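Step one of this worksheet: look at the structure below.
These numbers were taken from a predicted model, which means no experiment stands behind them.
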Amino acid sequence: MKSLRSIAHRLWPPTCVLCDETGMPGWDLCRPCYQELPRNVCCCPRCAQPLPVSYLCGHCQKSLPNFDITYAPFLYDGAISYLVTGLKFRRRLAYARVLGQLFAEVLQTQPNRPECLIPVPLHRKRRVQRGFNQSLEIARVIANRLDIAMDAGLCQRIIDTPHQSGLTADERRKNLQGAFRAAPRIARYRHVAVFDDVMTTGTTLNEIARCLKRAGVTTVEAWVCTRA
């Protein structure tokens, strides 16, 4: 199998999705583009809000979110925002693999991994309109790379809420109240991670974490590719 992969690599070398140069082995991303990605180095450990130094931000000090920690390795800027919007709005499904690889690489050495990964769900109507769930597509890659279970049915979106973009933080919270429901089988888990492509205010992830903890989950991690 290894020899077949080696032959395939020589015949069809990976190509960078950003610049069309030869990609790194096993990556559709070249080394220079990889090194220039905007990384979220210093941030609040609870909500991943970018900060000059890593400490609990003022918002989290005032009111802790329902999720316990956030991993958001990249900023929503430059090439990362190009990959996210290309996947979400232009159906470039190959970008899901790149985003999943990037996120999984950061968490390779994370101890005490969650028992299950839950992609942020879309309402059935929205999923039919779009044709896919971008968070699910990225989460598949992450779950495979980190060898953890993924269950897209553990949390369902039961209300087709209006788009969050353009709403204030308070409007976002009201918009999502009661929008999610945990499946009964969530009772088998105590430690899960919820995955989304982008975190802006964290309202969606906070509401899902609230829903899951009410259903009996003890620890909910927020996993996101990028932080706005």
Side-chain angles (χ1 to χ4, degrees), residues 1-2 5 9 14 16-18 23-57 60 64-81 83-84 87 95-120 134-152 154 188-199 202 205 208-209 212 217-228:
M1 183 64 71
K2 186 178 294 186
R5 285 198 296 267
H9 178 76
C16 180
V17 296
L18 296 174
M24 299 181 292
W27 288 74
D28 294 323
L29 201 63
C30 69
R31 177 62 63 179
C33 287
Y34 169 84
Q35 292 175 336
E36 291 178 5
L37 294 174
R39 288 169 169 80
N40 190 14
V41 179
C42 292
C43 61
C44 171
R46 194 69 179 245
C47 74
Q49 175 68 38
L51 297 169
V53 294
S54 296
Y55 61 89
L56 201 65
C57 72
C60 288
L64 284 174
N66 291 306
F67 45 81
D68 298 279
I69 192 171
T70 299
Y71 292 98
F74 298 96
L75 299 173
Y76 189 65
D77 192 18
I80 285 290
S81 64
L83 293 172
V84 170
L87 168 62
Y95 294 177
R97 177 184 170 189
V98 176
L99 291 167
Q101 284 178 297
L102 287 169
F103 186 90
E105 181 188 46
V106 175
L107 269 73
Q108 285 286 356
T109 58
Q110 178 203 11
N112 190 27
R113 289 180 183 168
E115 301 165 80
C116 189
L117 180 59
I118 305 171
V120 168
Q134 75 281 354
S135 295
L136 170 59
E137 297 302 322
I138 303 171
R140 288 187 203 276
V141 180
I142 297 170
N144 182 60
R145 292 258 169 173
L146 298 181
D147 192 27
I148 61 176
M150 185 192 77
D151 191 335
L154 281 177
R188 73 182 69 164
Y189 299 109
R190 289 293 174 267
H191 182 188
V192 303
V194 181
F195 179 82
D196 206 358
D197 56 347
V198 182
M199 178 190 280
L205 290 161
I208 292 175
L212 297 178
V217 177
T218 303
T219 303
V220 178
E221 298 185 5
W223 288 11
V224 291
C225 278
T226 70
R227 185 61 158 93

Heavy-atom donor-acceptor pair, [X] side chain to [Y] backbone, under 3.5 Å:
| X | Y | result |
| --- | --- | --- |
| Arg113 | Leu146 | yes |
| Asp68 | Glu221 | no |
| Arg46 | Pro65 | yes |
| Asp151 | Cys116 | no |

Output the distance between atom [atom1] ([X]) and atom [atom2] ([Y]), rounded to the nearest 0.5 Å.
| X | Y | atom1 | atom2 | answer |
| --- | --- | --- | --- | --- |
| Met199 | Asn40 | CE | CG | 10.5 Å |
| Leu99 | Glu137 | CG | CD | 11.5 Å |
| Gln101 | Asp28 | CD | CG | 7.0 Å |
| Glu115 | Thr219 | CD | OG1 | 9.0 Å |
| Thr226 | Leu102 | OG1 | CG | 11.5 Å |
| Arg145 | Gln108 | CZ | CD | 8.0 Å |

### From Leu154, Leu117, Leu212, residue fulfilling side chain to side chain contact (heavy atoms under 4.5 Å, CB included) relative to Val194
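Passing option: Leu212.
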Side-chain heavy atoms of [X] within contact of [Y], under 4.5 Å:
| X | Y | answer |
| --- | --- | --- |
| Pro119 | Arg140 | no |
| Asn144 | Met150 | no |
| Leu107 | Tyr71 | yes |
| Asn66 | Val220 | no |

### Task
Apply side-chain contact (heavy atoms from CB on, under 4.5 Å) to Val17 and Leu83, showing your working.
CA-CA 9 Å; Val17 296; Leu83 293 172; 3.7 Å; yes
[X] versus [Y], closest heavy-atom pair with distance:
| X | Y | result |
| --- | --- | --- |
| Pro73 | Cys225 | CD-O, 3.8 Å |
| Cys47 | Arg227 | O-NE, 2.9 Å |
| Cys33 | Cys16 | SG-SG, 3.8 Å |
| Pro114 | Ile148 | O-CG2, 4.0 Å |
| Ser54 | Cys42 | OG-CA, 3.5 Å |
| Cys44 | Leu51 | N-CD1, 3.6 Å |

### side-chain contact (heavy atoms from CB on, under 4.5 Å) evaluation trace for Leu37 with Leu29
CA-CA 11 Å; Leu37 294 174; Leu29 201 63; 4.1 Å; yes
### Message
side-chain contact (heavy atoms from CB on, under 4.5 Å), that's the test. Do Thr70 and Gln49 meet it? Break it down for me.
### Response
CA-CA 9 Å; Thr70 299; Gln49 175 68 38; over 6 Å; no
### Query
Is there a side-chain contact (heavy atoms from CB on, under 4.5 Å) between Ile138 and Leu87 once you walk through the steps?
CA-CA 10 Å; Ile138 303 171; Leu87 168 62; 3.7 Å; yes
### Query
Do the ring planes of Phe103 and Phe195 sit parallel (below 30°), tilted (30 to 60°) or perpendicular (above 60°)?
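Perpendicular: the ring planes of Phe103 and Phe195 meet at over 60°.
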